[in-house]
Amino acid sequence: MGKDVIIACDFSSKKEVIDFLSQFKDEKPFVKIGMELFYAAGPDIVREIKAMGHKIFLDLKLHDIPNTVMKAMRVLSELDVDMCNLHAAGTIPMMEAALKGLTREDGSRPILIAVTQLTSTSQERMTEDLLIEEPIDKVVMHYALNAKKAGLDGVVCSPLEAEKVHSSCGSDFVTVTPGVRFADGDIGDQVRVTTPAKAKEIGSDYIVVGRPITQAADPVAAYKRCVAEFVG
Ligand code: C5P
């Protein structure tokens with residue numbers, strides 16, 4: 001699985017994202033489209049960005065009964081996204097159904113990765129609200145192994161967890177890691193961050209980078225710097 005930088009396009013309208021991506025002339029970055037933009041602009045935003053030549057990670061984090069997830073994934077596969085995701089909490093049968101829905105007649109399919117526990121969920125909330133009493137690190141690794149058992153390609157995780165995920169689930173199990181900042185940049189609201197160079201060293205397969213690129217004075221230069229540090 002090739003290493004790449006994915007730009008988190010956290011914009012609220014089609015115009016903003018198209019204006020942003022139009023600045024890239026020579027390179028066509030892999031982009032992440034999240035719920036806000038997808039719900040605001042609809043599936044056409046995916047078709048339009050694909051037509052501009054970009055790969056798309058559609059970050060919709062599906063979680064429902066297996067049959068519903070299977071049918072929804074079939075629609076995303078037909079949209080020709082390159083990567084999509086779901087919540088591992090939906091259980092192994094849900095993840096297997098998702099893979100089935102994603103797989104096209106010719107056997108091809110987008111990369112499918114799982115969210116383990118959201119980084120916004122603390123140990124306290126997991127124990128009190130979800131009644132999960134195990135330590136959160138153990139839960140994250142268990143969910144990653146469930147994703148592997150179901151046949152998924154990898155997980156979204158902190159770069160700081162990537163090494164552990166690879167040692168438990170295999171070096172070819174993909175780690176997609178947000179929480180990346182330049183050494184001399186603003187951290188913003190992220191708490192545990194790594195630089196692109198450090199993420200490379202740790203073994204992340206894809207880094208998801210938003211504001212350090214989207215809010216930069218020169219986004220194309222910031223993207224190129226990220227690629228130089230991470231892909232090298
Ligand atoms: O702007 P920034 O680089 O912080 O953007 C990171 C992106 O990764 C955002 O789209 C954010 O929602 C997403 N993300 C994250 N942490 C997670 C999962 C996803 O920052 N644990």
K.L.:
When you group the ILVMFWY residues by side-chain heavy-atom contacts below 4.5 Å and let the links chain together, are Val140 and Leu86 in the same group?
P.N.:
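Result: no, two separate clusters.
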
K.L.:
State, to 0.1 Å, how close Phe230 and Ser204 come at their nearest heavy-atom pair, and which atoms those are.
P.N.:
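Smallest heavy-atom distance, with atoms named: CZ-O, 3.3 Å.
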
K.L.:
With sequence neighbours left out, what residues match Ser22 under side-chain contact (heavy atoms from CB on, under 4.5 Å)?
P.N.:
Ile18, Met52

K.L.:
What's the spacing between Arg47 CZ and Ile56 CD1 if we round to 0.5 Å?
P.N.:
11.0 Å

K.L.:
Val176 versus Ile113: any side-chain heavy-atom pair under 4.5 Å?
P.N.:
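Yes. Closest side-chain heavy atoms under 4.5 Å.
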
K.L.:
Could you give all pairs that pass the ring pair (Phe, Tyr, Trp, His ring centres under 6.0 Å) test and reach residues 13-43, with sequence neighbours left out?
P.N.:
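Applying ring pair (Phe, Tyr, Trp, His ring centres under 6.0 Å) to every pair that reaches into residues 13-43, excluding sequence neighbours, yields Phe11-Phe20, Phe20-Phe24, Phe24-Tyr223, Phe30-Tyr206.
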
K.L.:
Quick one: do Thr194 and Leu160 satisfy side-chain contact (heavy atoms from CB on, under 4.5 Å)? Show the steps, please.
P.N.:
CA-CA 8 Å; Thr194 43; Leu160 307 166; 3.7 Å; yes

K.L.:
Give the minimum heavy-atom separation between Val174 and Asp205, together with the two atoms involved.
P.N.:
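Of all heavy-atom pairs spanning Val174 and Asp205, the closest is CA-OD2, 3.4 Å.
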
K.L.:
Please list all pairs meeting ring pair (Phe, Tyr, Trp, His ring centres under 6.0 Å) that have one or both residues in residues 145-165, counting only residues at least two apart or in different chains.
P.N.:
none

K.L.:
For residues 72-81, dump all side-chain donor-acceptor pairs below 3.5 Å to protein atoms at least two apart in sequence or in another chain.
P.N.:
from  : atom 1 : to     : atom 2 : distance (Å)
Ser77 : OG     : Leu102 : O      : 2.6
Ser77 : OG     : Arg104 : NE     : 3.2

K.L.:
Does a salt bridge link Glu201 with Lys198, judged by any charged N lying under 4.0 Å from a carboxylate O?
P.N.:
yes

K.L.:
Identify the heavy atoms of Ala197 and Glu229 that sit nearest to each other, and give their distance.
P.N.:
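Nearest pair, atom of Ala197 first, then Glu229: N-OE1, 3.4 Å.
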
K.L.:
Sequence neighbours excluded, which residues qualify as side-chain contact (heavy atoms from CB on, under 4.5 Å) partners of Thr103?
P.N.:
Arg109

K.L.:
Would you mind listing every side-chain hydrogen bond (donor to acceptor under 3.5 Å, both in side chains) that reaches into residues 134-150, with sequence neighbours excluded?
P.N.:
Glu134-Lys138

K.L.:
Can you list every salt bridge (Lys or Arg N to Asp or Glu O under 4.0 Å) pair that touches residues 11-23, not counting sequence neighbours?
P.N.:
Lys14-Glu48, Lys15-Asp19

K.L.:
Test Gln190 against Arg211 for side-chain contact (heavy atoms from CB on, under 4.5 Å), laying out the working first.
P.N.:
CA-CA 11 Å; Gln190 294 281 10; Arg211 288 160 291 179; 4.3 Å; yes

K.L.:
Who passes salt bridge (charged side-chain N to carboxylate O under 4.0 Å, His left out) against Glu96, sequence neighbours left out?
P.N.:
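None.
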
K.L.:
Establish whether Leu118 and Phe57 are linked, either directly or via other cluster members, by ILVMFWY side-chain heavy-atom contacts under 4.5 Å.
P.N.:
yes

K.L.:
Tell me, do Met83 and Pro110 make a side-chain contact under 4.5 Å, heavy atoms counted?
P.N.:
no

K.L.:
Following the transitive rule for hydrophobic clusters with a side-chain heavy-atom cut-off under 4.5 Å over Ile, Leu, Val, Met, Phe, Trp and Tyr, establish whether Ile49 and Leu58 coincide in one cluster.
P.N.:
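Shared cluster, yes.
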
K.L.:
In Å and rounded to the nearest 0.5 Å, what is the CD1 to SG distance from Ile111 to Cys84?
P.N.:
9.5 Å

K.L.:
Ignoring hydrogens and angles, tell me if any N or O in the side chain of Asp106 forms a donor-acceptor pair with the backbone of Ser108 under 3.5 Å.
P.N.:
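Yes, Asp106 side chain to Ser108 backbone: donor-acceptor pair under 3.5 Å.
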
K.L.:
Does some side-chain heavy atom of Met35 sit less than 4.5 Å from a side-chain heavy atom of Asp59?
P.N.:
no

K.L.:
Specify the closest pair of heavy atoms between Ala222 and Ile213, including all atoms of both residues, with the distance to one decimal.
P.N.:
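Scanning both residues completely, I find the closest heavy atoms to be CB-CA, 4.1 Å.
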
K.L.:
Considering non-hydrogen atoms only, spot the tightest contact between Val69 and Ala98 and give its length.
P.N.:
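What the structure gives for the nearest pair is CG1-CB, 3.7 Å.
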
K.L.:
Can you list every ring pair (Phe, Tyr, Trp, His ring centres under 6.0 Å) pair that touches residues 145-175, not counting sequence neighbours?
P.N.:
none

K.L.:
Which atom names give the shortest non-hydrogen contact between Leu21 and Cys9, and what distance separates them?
P.N.:
CD2-SG, 4.3 Å

K.L.:
Can you tell if the side chain of Leu112 reaches within under 4.5 Å of the side chain of Leu99, non-hydrogen atoms only?
P.N.:
yes

K.L.:
Sequence neighbours left out, what passes side-chain contact (heavy atoms from CB on, under 4.5 Å) with Leu130? Give chain and number order.
P.N.:
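For Leu130 the side-chain contact (heavy atoms from CB on, under 4.5 Å) partners, ignoring immediate neighbours, are Gln117, Met126, Ile132.
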
K.L.:
Using 4.0 Å as the upper bound for N to carboxylate O, is an ion pair formed by Arg225 and Asp184?
P.N.:
yes

K.L.:
Say you draw a straight line from OG1 of Thr121 to CD1 of Ile136; how long is it, rounded to the nearest 0.5 Å?
P.N.:
6.0 Å

K.L.:
Rounded at 0.5 Å granularity, tell me how far OG in Ser158 sits from NZ in Lys164.
P.N.:
11.5 Å

K.L.:
Just jot down the ring-ring contact (aromatic ring centres under 6.0 Å, His included) partners of His63, sequence neighbours excluded, or say none.
P.N.:
His87

K.L.:
To the nearest 0.5 angstrom, please state how far the NE2 atom of His54 sits from the CD1 atom of Ile33.
P.N.:
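Answer for the NE2-CD1 pair, His54 versus Ile33, is 9.5 Å.
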
K.L.:
Test your reading of the model: is there a side-chain donor-acceptor pair from Asp10 to the backbone of Gly210, 3.5 Å cut-off?
P.N.:
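Not a single qualifying donor-acceptor pair exists.
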
K.L.:
Can Thr177 and Cys157 be said to form a side-chain contact (heavy atoms from CB on, under 4.5 Å), step by step?
P.N.:
CA-CA 5 Å; Thr177 63; Cys157 64; 4.0 Å; yes

K.L.:
Quick check: do Val209 and Val5 have side-chain heavy atoms less than 4.5 Å from each other?
P.N.:
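Result yes, sub-4.5 Å side-chain heavy-atom pair found.
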
K.L.:
Are Ile6 and Val17 in one and the same hydrophobic cluster, where Ile, Leu, Val, Met, Phe, Trp and Tyr link if side-chain heavy atoms are under 4.5 Å apart?
P.N.:
no

K.L.:
With the side chain counted from C-beta on, respond yes when Val115 and Val155 share a heavy-atom pair under 4.5 Å apart, and no when they do not.
P.N.:
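No, every pair of side-chain atoms sits at 4.5 Å or beyond.
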
K.L.:
Evaluate the side-chain proximity of Ile207 to Lys200: yes if any heavy-atom separation is below 4.5 Å, no if none is.
P.N.:
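A side-chain contact is absent here, since even the closest heavy-atom pair is not under 4.5 Å.
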
K.L.:
Within the structure provided, determine whether Ile7 and Thr214 are in side-chain contact (heavy-atom separation under 4.5 Å).
P.N.:
yes

K.L.:
Are more than 12 heavy atoms from other residues, nucleotides or ligands located less than 6.0 Å from atom CD of Gln23?
P.N.:
yes

K.L.:
Check whether Thr68 reaches the backbone of Asp64 with its side chain - one donor and one acceptor, N or O, closer than 3.5 Å.
P.N.:
no

K.L.:
Say whether Val208 and Leu152 are linked into one hydrophobic cluster, either directly or through other cluster members, by side-chain heavy-atom distances under 4.5 angstrom.
P.N.:
no

K.L.:
Begin with the C-alpha distance, continue with both residues' side-chain angles, and end with the deciding distance and a verdict on side-chain contact (heavy atoms from CB on, under 4.5 Å) for Met141 and Val165.
P.N.:
CA-CA 7 Å; Met141 265 336 124; Val165 168; 3.8 Å; yes

K.L.:
Not counting sequence neighbours, which residues clear side-chain contact (heavy atoms from CB on, under 4.5 Å) with Lys224? List them please.
P.N.:
Glu27, Val220

K.L.:
Roughly how far, to the nearest 0.5 Å, is CE of Met70 from NZ of Lys100?
P.N.:
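If I round to the nearest 0.5 Å, the distance is 5.0 Å.
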
